[in-house]
Number of protein chains: 2
Amino acid sequence: MQNSFTEENYLKIIHALSGRDGVEVSTNALAESTSTRAASVTDMLRKLADKGLIHYKKYQGVTLTESGEKVAIKVIRKHRLWEVFLVEKLGFGWDEVHDIAEELEHVPSEVLVEKLDAFLGHPKFDPHGDPIPDAKGNLTEPDYLILTDVHVGEKVLMMGVLDHAPSFLQHLDRSGITLGAVIEVKEINEYDKSASVQINGGPTLFISLEVSKNLLVQRR
Amino acid sequence: MQNSFTEENYLKIIHALSGRDGVEVSTNALAESTSTRAASVTDMLRKLADKGLIHYKKYQGVTLTESGEKVAIKVIRKHRLWEVFLVEKLGFGWDEVHDIAEELEHVPSEVLVEKLDAFLGHPKFDPHGDPIPDAKGNLTEPDYLILTDVHVGEKVLMMGVLDHAPSFLQHLDRSGITLGAVIEVKEINEYDKSASVQINGGPTLFISLEVSKNLLVQRR
DNA sequence: ATATATTTTTAGGTTAGTCTAAATTTTTTA
DNA sequence: TAAAAAATTTAGACTAACCTAAAAATATAT
Ligand SMILES: [Mn+2]
Ligand SMILES: [Mn+2]
Ligand SMILES: [Mn+2]
Ligand SMILES: [Mn+2]
């Protein structure tokens with residue numbers, strides 16, 4: 001049988017909260033992420049367990065089964081491909097596409113996804129630098145650094161963001177920090193861990209720890 | 001407030017069954033079109049009436065209000081634009097797109113529709129020859145002829161279809177009858193009203209009354 | 001180790017959209 | 001124009017996804 005919009009969202013969120021080592025996700029964490037109450041989460045967990053999509057023992061938290069993982073990854077693939085479409089083809093900003101993709105990701109049709117993928121040229125990353133699972137369901141998270149782990153004097157490439165909030169992305173736009181930008185760390189302030197960074201060999205600017213913590217980068 | 005997926009479908013179907021002269025639509029006709037029971041339709045009609053989207057008096061059938069008409073036309077605009085996208089950009093056949101568009105038409109976001117429209121070059125017709133309402137909600141049905149109204153000897157242009165069933169569209173594909181094709185009526189058989197027609201000055205073929213009744217054409 | 005706090009589940013309800021069966025209204029037929 | 005047939009509405013129920021309040025299980029702190 002088909003999974004509902006709501007079920008797909010639960011699976012996607014369990015995948016995200018479970019992390020790459022597949023740690024148990026708590027009822028309260030899910031209530032928070034789904035903007036529902038813990039009691040509602042418990043109801044849904046029983047249902048997902050009955051469908052064989054999650055491992056669930058009362059009071060012990062949940063993890064995805066193989067089949068639940070498959071569904072979650074398909075939804076993530078669709079979400080990220082639609083985001084590429086919205087930015088590359090329709091001209092949306094990277095700060096505007098998440099909510100729309102949140103709807104498009106639930107449109108069913110295998111062939112639609114595959115034709116969209118081909119139309120976009122089989123992109124490997126979405127507009128936020130997140131990897132796009134392939135048609136077989138393989139999702140490989142690249143191991144990026146967080147900018148806070150970079151030492152003074154190092155030059156790194158901007159590869160992605162941890163915070164996807166429009167306000168954060170707009171802040172990066174205003175600072176000229178885009179995917180692929182070269183970031184050289186010039187100075188780190190002992191007191192508040194704020195930093196001076198030079199973008200693409202051009203302007204130098206100050207960024208707060210809050211910003212550094214949300215930037216994914218890579219040594220060249 | 002927002003209209004649900006289901007409410008949007010009811011409005012769209014009332015629009016279609018009501019025709020251009022806005023005739024009353026019966027409960028049974030809606031039950032048929034929505035694949036539900038008459039009792040379920042009655043419930044929904046009460047709700048749509050409460051929201052001011054339809055004119056409804058018990059036992060008298062329904063018509064759309066101005067505001068219901070607006071919603072219906074927006075949904076139709078989205079449906080047809082997405083069909084253009086699927087055919088023109090993703091390479092689907094005109095027989096494959098209806099069901100997918102049926103889902104995409106309910107994705108909310110005004111700006112998405114307008115950016116999609118611009119991306120497609122503001123098309124005026126969908127892949128089946130149906131007119132696409134403009135951003136302001138103007139929908140002008142061109143007054144095409146049905147092929148059965150064309151006399152022997154006349155040459156007409158193929159402009160659209162009345163039946164959107166995949167099997168009918170595939171039949172047209174196999175016959176070489178596509179949008180824009182020139183159709184010359186060579187002969188009409190008295191007995192069963194089947195006809196011989198020449199397509200684009202090339203091959204001549206026989207078509208049944210069933211086919212003729214579903215072809216929209218225009219004198220040149 | 002017990003008391004307290006936190007987390008999770010259970011119990012009992014609500015709303016949207018559907019259903020069947022029965023009642024009512026309208027239409028058709030004799 | 002009265003009886004029969006057809007269409008429509010009402011009554012009462014069901015499921016999915018949510019809720020609040022209360023009970024039970026687990027974790028934390030004295
Ligand atoms: Mn997103
Ligand atoms: Mn993304
Ligand atoms: Mn269609
Ligand atoms: Mn169409």
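All chains are named by letter (A, B, ...) in the order of the sequence lines, taking the proteins before the strands, and each is independently numbered beginning at 1.
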Trainee: I need the CZ-P distance between A:Phe5 and D:dC18, as an integer number of Å.
Mentor: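 So the CZ-P distance, A:Phe5 to D:dC18, works out to 10 Å.
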
Trainee: Would you mind reading off the distance between A:Glu24 atom CD and C:dT7 atom P, rounded to a whole angstrom?
Mentor: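 To the nearest whole Å, that distance equals 17 Å.
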
Trainee: Mind checking ring pair (Phe, Tyr, Trp, His ring centres under 6.0 Å) for B:His106 and listing every partner two or more places apart, or none if nothing turns up?
Mentor: B:Phe5

Trainee: With sequence neighbours left out, what residues match B:Lys12 under salt bridge (Lys or Arg N to Asp or Glu O under 4.0 Å)?
Mentor: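 By the salt bridge (Lys or Arg N to Asp or Glu O under 4.0 Å) rule, B:Lys12 matches B:Glu102, B:Glu105.
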
Trainee: D:dC18 P sits how many Å from A:Glu7 CD, rounded?
Mentor: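 Distance check: A:Glu7 CD to D:dC18 P gives 10 Å.
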
Trainee: Round to a whole Å and report the spacing from CD of A:Glu8 to P of D:dA16.
Mentor: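 Nearest whole value for this atom pair: 16 Å.
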
Trainee: Does B:Arg37 have a side-chain nitrogen or oxygen under 4.0 Å from the phosphate oxygens OP1 or OP2 of C:dT20?
Mentor: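 For C:dT20, OP1/OP2 do have a side-chain N/O of B:Arg37 under 4.0 Å.
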
Trainee: Figure out the CG/C1' separation between A:Asp50 and D:dT15, and round it to whole Å.
Mentor: 14 Å

Trainee: For A:Glu32, what residues pass the salt bridge (Lys or Arg N to Asp or Glu O under 4.0 Å) criterion, not counting sequence neighbours?
Mentor: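 Scan of A:Glu32 (salt bridge (Lys or Arg N to Asp or Glu O under 4.0 Å), adjacent residues dropped) gives none.
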
Trainee: For B:Glu7, give me all partners under salt bridge (Lys or Arg N to Asp or Glu O under 4.0 Å), at least two apart in sequence or on another chain.
Mentor: B:Lys47, B:Lys51

Trainee: Can you sort out the partners of B:Asn28 under side-chain hydrogen bond (donor to acceptor under 3.5 Å, both in side chains), two or more places apart, ordered by chain and number?
Mentor: none

Trainee: How long is the line joining CG of B:Leu45 and C1' of D:dT9, in whole Å?
Mentor: 11 Å

Trainee: B:Asp43 CG to C:dA16 P: how many Å, rounded?
Mentor: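 After rounding, the gap between these two atoms is 11 Å.
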
Trainee: Using a cut-off of strictly less than 4.0 Å, decide whether B:Ser40 has a side-chain nitrogen or oxygen near OP1 or OP2 of C:dC19.
Mentor: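 Checking C:dC19 against B:Ser40, a side-chain N or O does come within under 4.0 Å of OP1 or OP2.
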
Trainee: So, using side-chain hydrogen bond (donor to acceptor under 3.5 Å, both in side chains) as the criterion, who are the partners of A:Asp117 when residues are at least two apart?
Mentor: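 If we apply the side-chain hydrogen bond (donor to acceptor under 3.5 Å, both in side chains) test to A:Asp117, skipping adjacent residues, the hits are A:Arg77, A:His122.
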
Trainee: Counting only non-hydrogen atoms, which of residues 100-108 of chain A are less than 4.0 Å from DNA chain D?
Mentor: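 The answer is none.
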
Trainee: Return the set of residues passing side chain to side chain contact (heavy atoms under 4.5 Å, CB included) with A:Glu69 (not counting sequence neighbours), or none when no residue passes.
Mentor: A:His15, A:Leu64, A:Ile73

Trainee: Using whole Å, what does the distance between atom C1' of nucleotide D:dT15 and atom CZ of A:Arg46 come to?
Mentor: 13 Å

Trainee: May I ask you to check if B:Lys89 and A:Phe85 form a cation-pi contact, with NZ or CZ under 6.0 angstrom from the six-membered ring centre and within 45° of the axis?
Mentor: no

Trainee: Please write out each protein N/O paired with an N/O of nucleotides 3-8 of chain D under 3.5 Å, distance rounded to 0.1 Å.
Mentor:
residue	atom	partner	partner atom	Å
D:dT8	OP2	B:Asn28	N	2.9

Trainee: For A:Glu210, look at atom CD and say whether over 12 heavy atoms of other residues, nucleotides or ligands are found less than 6.0 Å away.
Mentor: no

